Amino acid sequence: MTWDEWERARGRVAGREGSERADAVPGLRQGPAQGRPDLASSPSEKKAAAHAIEERLEPDTRKAGEWADQETAAAVKAFGAKDGDGWATSNALKKAHAAWGDQVKALLDRLGSEKRALGNTAVLFQKTDIGVGAQLRRPSGLDRL
């Protein structure tokens, strides 16, 4: 590449700077810039998210964990001791499977926690609004009656 070609290429790239950002990729969900906040704040959206966790994410995570149990047990058996020894792979698979089980349990616990939090958020916001309203409201003469 000659110096002139390099200068032209650099000029073209410099002219495009700022327009080639990760959040400008077509089809990529964008937050407030498109007029839609990332935070699902309506009760129906929270209910839909909790429903998705309960109906799809939790059952699918359990199924994936069970599938891994079956497949790993078969692999451990295949690499296990047949004549007194066995492959080191068998023990390594057992350890990896234990770690996998811990991760699946942690994920299921987290999903359950998120589901409960989504259900409690509306109540929390309502109680907070009532509490703040009570603190900010000016006393009325009718309050003394």
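From a predicted model like this one, the values you see are computed outputs, not experimental measurements.
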> With Ser44, which residues qualify under side chain to side chain contact (heavy atoms under 4.5 Å, CB included), at least two apart?
Replying inline: Ser42
> Does Ile130 have any side chain to side chain contact (heavy atoms under 4.5 Å, CB included) partners at least two apart in sequence or in another chain, and if so, which?
Replying inline: Gln126
>> Just verifying a value: how many Å separate His51 NE2 and Leu118 CG, rounded to the nearest 0.5 Å?
In response: 13.0 Å
> Taking only residues two or more places apart in sequence or in another chain, which ones pass side chain to side chain contact (heavy atoms under 4.5 Å, CB included) with Val104?
Replying inline: Thr61, Trp100, Leu108
> Listed by chain and number, what are the side chain to side chain donor-acceptor pair (under 3.5 Å) partners of Asp69, not counting sequence neighbours?
Replying inline: His97
> Which residue pairs pass the side-chain hydrogen bond (donor to acceptor under 3.5 Å, both in side chains) test with at least one member in residues 104-119, sequence neighbours excluded?
Replying inline: Glu58-Lys115, Lys105-Asp109, Arg110-Glu114
> Distance from Lys127 atom NZ to Asn120 atom CG, nearest 0.5 Å?
Replying inline: 9.0 Å
>> Return the CZ to CG distance between Arg56 and Leu111, rounded to the nearest 0.5 Å.
In response: 12.0 Å
> Looking at residues at least two apart in the chain, or sitting in another chain, which of them share a side chain to side chain contact (heavy atoms under 4.5 Å, CB included) with Lys94?
Replying inline: Val76, Ser90, Asn91
> If you round to the nearest 0.5 Å, how far is CD of Glu55 from CG of Asp60?
Replying inline: 10.5 Å
